[in-house]
Amino acid sequence: MPVRGKIRMGKRVRVREILSASGAGVEAVVKGWARTVRVGKDVTFIALNDGSCMASLQVVAGPELSNYAEVARLGTGSAVAVTGLLVESPAAGQRFELQARSVEVVGPADEGYPMQKKRHSFEYLRTVAHLRPRTNTFGALFRVRSMLAQAVHRFFAEKGFLYVHTPIITGNDCEGAGELFRVTTLDMARPPLVNGAVDYAADFFGQATGLTVSGQLEGELFALAFGDIYTFGPTFRAENSNTARHAAEFWMIEPEMAFADLMADAALAEEFFRYLCRFVLDHCREDMAFFNEQIDRGLIPRIEAVAASPFAMMEYTEAITHLKKAKVSFEFPVDWGLDLQSEHERYLTELVVGGPVFIINYPKDIKAFYMRQNDDGRTVAAMDLLVPKVGEIIGGSQREERLDLLEGRMAEMGIDPAGLWWYTDSRRWGSCPHAGFGLGFERLIMYLTGMENIRDVIPFPRTPRHAEF
RNA sequence: UCCCCAGUAGCUCAGUCGGUAGAGCGGGUGACUGUUAAUCACCAUGUCCGUGGUUCGAGUCCGCGCUGGGGAGCCA
């Protein structure tokens with residue numbers, strides 16, 4: 001897209017835009033942050049990055065500038081505004097460069113700037129999470145994250161799904177999906193008591209409340225009105241999980257379809273996942289090339305393969321058979337009725353299948369109360385999508401739409417139906433088969449970028465003992 | 001929460017058998033150069049995580065604590 005004609009004085013042009021210019025000769029104003037400054041006697045080069053793309057724009061500043069001494073002292077991290085002429089670069093390494101007519105130092109950065117023009121460890125960069133978006137890796141990461149978020153909405157919009165905002169504050173603490181963060185306005189030092197226990201009736205909502213661990217139950221209610229819906233929002237788990245795959249605050253995508261069974265659910269999950277793979281390959285080429293080169297060699301071929309080929313599907317019972325005859329020794333036991341451990345999931349997806357695989361129809365005793373009971377009386381219509389390197393990335397199920405069976409499971413599992421009267425009501429009037437799944441957005445990003453720690457795919461990660469920034 | 005590993009300069013790390021600390025990068029100064037994380041020379045920089053102990057003497061050995069990382073569980 002030609003830049004010529006679009007540029008006005010005082011209006012800045014993004015580096016991404018100017019680097020895609022069809023030719024030299026345009027006058028432009030570019031504003032950004034200096035990545036490196038190479039100073040010579042007669043010429044200074046500034047690699048200017050504004051976050052719009054991986055590449056920096058080479059700014060060439062000469063001694064004719066009135067403030068050349070100031071420019072030559074610029075440190076990494078400085079904010080500058082450059083007005084100049086875009087010219088063909090005489091040297092190798094870039095097609096265009098900006099011959100500066102003026103360089104305004106908008107915000108200088110001294111030697112205390114915590115990031116240098118060299119490689120830093122991800123651990124160190126987490127301690128400067130307020131500045132790490134200015135690095136190559138995190139620039140690429142958050143551009144991809146933004147694109148993927150929009151791809152999620154695009155996928156569901158194209159399929160006619162309704163986007164529903166389920167509540168962040170919830171009174172359900174009986175979903176069993178994880179520990180709840182308490183939401184309260186009570187005085188923690190002197191809470192009102194009744195019979196020695198905290199009296200939540202005196203709290204803001206008149207009941208105990210917490211941050212949502214899932215929008216699924218409310219999502220089901222909307223599916224039973226709009227047919228196909230999805231949620232995409234923040235989710236909170238107060239588990240003391242200290243792993244590279246868990247955060248206390250993360251984003252989850254949860255579609256739900258009415259008049260759909262487990263097979264339709266898996267079909268949607270597969271189409272969705274492959275769509276997202278295709279999307280980053282097509283729309284984030286430069287950033288994906290960076291991840292492929294710097295973070296995870298083999299990333300792009302792997303995603304290409306996933307985008308191109310259908311997923312395998314395997315019964316839980318069949319998975320157990322594979323695991324039992326496996327030549328490798330597992331740390332945890334394998335037996336019908338036991339849940340699959342990470343090591344088992346990795347074995348199935350990496351060695352048995354060699355690609356993404358759905359495991360379906362799990363024993364009912366290791367799954368949630370709302371999953372639909374199969375006719376065999378011992379399994380439920382659950383599915384997990386396992387992918388190489390990551391393990392479980394999607395978990396879903398067909399929901400129990402039969403009121404008597406749902407209430408029976410709740411009773412068996414000790415779940416008080418009183419707080420879920422609205423949920424069981426949905427099975428009382430106009431109930432129908434329906435199914436859905438949950439995809440952790442950060443885990444998706446990890447899979448698609450090769451980044452190995454969830455703390456490095458979310459802007460300001462919240463994990464046990466960490467809520468800074 | 002459990003198991004393992006680590007914490008030394010601004011960053012990445014070395015530090016032998018217990019004898020008061022080094023390199024590279026970064027920074028400063030200078031030189032040089034249409035440079036590409038430029039190059040070359042010189043210079044400066046330390047609560048060796050904290051705390052208690054063993055010892056004539058501890059970065060080094062031992063106890064406790066804190067912090068970080070990896071693995072596991074829980075899960076997305």
Taking atom [atom1] in both [N] and [M], what distance in whole Å separates the two?
N	M	atom1	result
G26(B)	G46(B)	C1'	16 Å
C61(B)	C17(B)	C1'	12 Å
G34(B)	G70(B)	C1'	46 Å
G71(B)	U8(B)	C1'	26 Å
U45(B)	G24(B)	P	16 Å
C62(B)	A6(B)	P	11 Å
U20(B)	G15(B)	C1'	14 Å
U33(B)	G19(B)	C1'	48 Å

May I ask which nucleotide in the shown strands pairs with [N], Watson-Crick or G-U wobble, both distances under 3.5 Å?
N	value
A14(B)	none
U67(B)	A6(B)
A72(B)	U1(B)

Residue whose closest nucleotide on RNA chain B lies nearer the 5' end, D384(A) versus S121(A): S121(A)
Residue mapping more 5' on RNA chain B - nearest nucleotide basis, R346(A) or M252(A): R346(A)
For a quick check of understanding: with a heavy-atom distance under 4.0 Å over all strands, which category does [X] fall into, base, sugar-phosphate or nothing?
X	value
A92(A)	base
D42(A)	nothing
Q99(A)	base
H120(A)	sugar-phosphate
T44(A)	nothing
F332(A)	sugar-phosphate
T235(A)	nothing
Y124(A)	sugar-phosphate
E392(A)	sugar-phosphate
E123(A)	sugar-phosphate
R465(A)	sugar-phosphate
T36(A)	sugar-phosphate
I393(A)	sugar-phosphate

Does a nitrogen or oxygen in the side chain of [X] sit under 4.0 Å from OP1 or OP2 of [N]?
X	N	answer
R237(A)	C75(B)	no
T243(A)	A72(B)	no
R126(A)	G69(B)	yes
Q341(A)	G73(B)	yes
K117(A)	C11(B)	no
R455(A)	G70(B)	yes
N453(A)	G70(B)	yes

Closest to side chain of A91(A), choosing from U1(B), G70(B), U36(B): U36(B)
Selected nucleotide, minimal atom distance to S342(A) side chain, candidates G34(B), G73(B), G70(B): G73(B)
In whole angstrom, give the distance that lies between atom [atom1] of [X] and atom [atom2] of [N].
X	N	atom1	atom2	result
I454(A)	G69(B)	CD1	P	13 Å
Q58(A)	A37(B)	CD	C1'	13 Å
L340(A)	G73(B)	CG	C1'	15 Å
I46(A)	A37(B)	CD1	C1'	16 Å
Q94(A)	U35(B)	CD	C1'	9 Å
F96(A)	U35(B)	CZ	P	20 Å
E345(A)	C74(B)	CD	C1'	12 Å
L98(A)	U36(B)	CG	P	20 Å

Parallel, tilted or perpendicular, as decided by the 30° and 60° cut-offs, for the rings of F460(A) and F469(A): tilted
Parallel, tilted or perpendicular: ring planes of H344(A) versus F330(A), cut at 30 and 60 degrees: perpendicular
Ring-ring centroid check F155(A) F161(A), cutoff 6.0 Å: no
Ion pair check, D50(A) and K31(A), cut-off under 4.0 Å: no
Ion pair check, R145(A) and D287(A), cut-off under 4.0 Å: no
ring-ring contact (aromatic ring centres under 6.0 Å, His included), paired with F441(A), selected from Y447(A), F250(A), W251(A), F232(A): F232(A)
C74(B) base / S241(A) side chain donor-acceptor hit below 3.5 Å: yes
Base of U12(B) paired with side chain of Q116(A) (donor-acceptor, under 3.5 Å): no
L268(A) vs Y230(A) side-chain heavy atoms within contact, under 4.5 Å: no
Within-4.5 Å side-chain heavy-atom neighbours: L406(A) and R409(A): no
Pair S214(A)-E254(A), side-chain donor/acceptor within less than 3.5 Å: yes
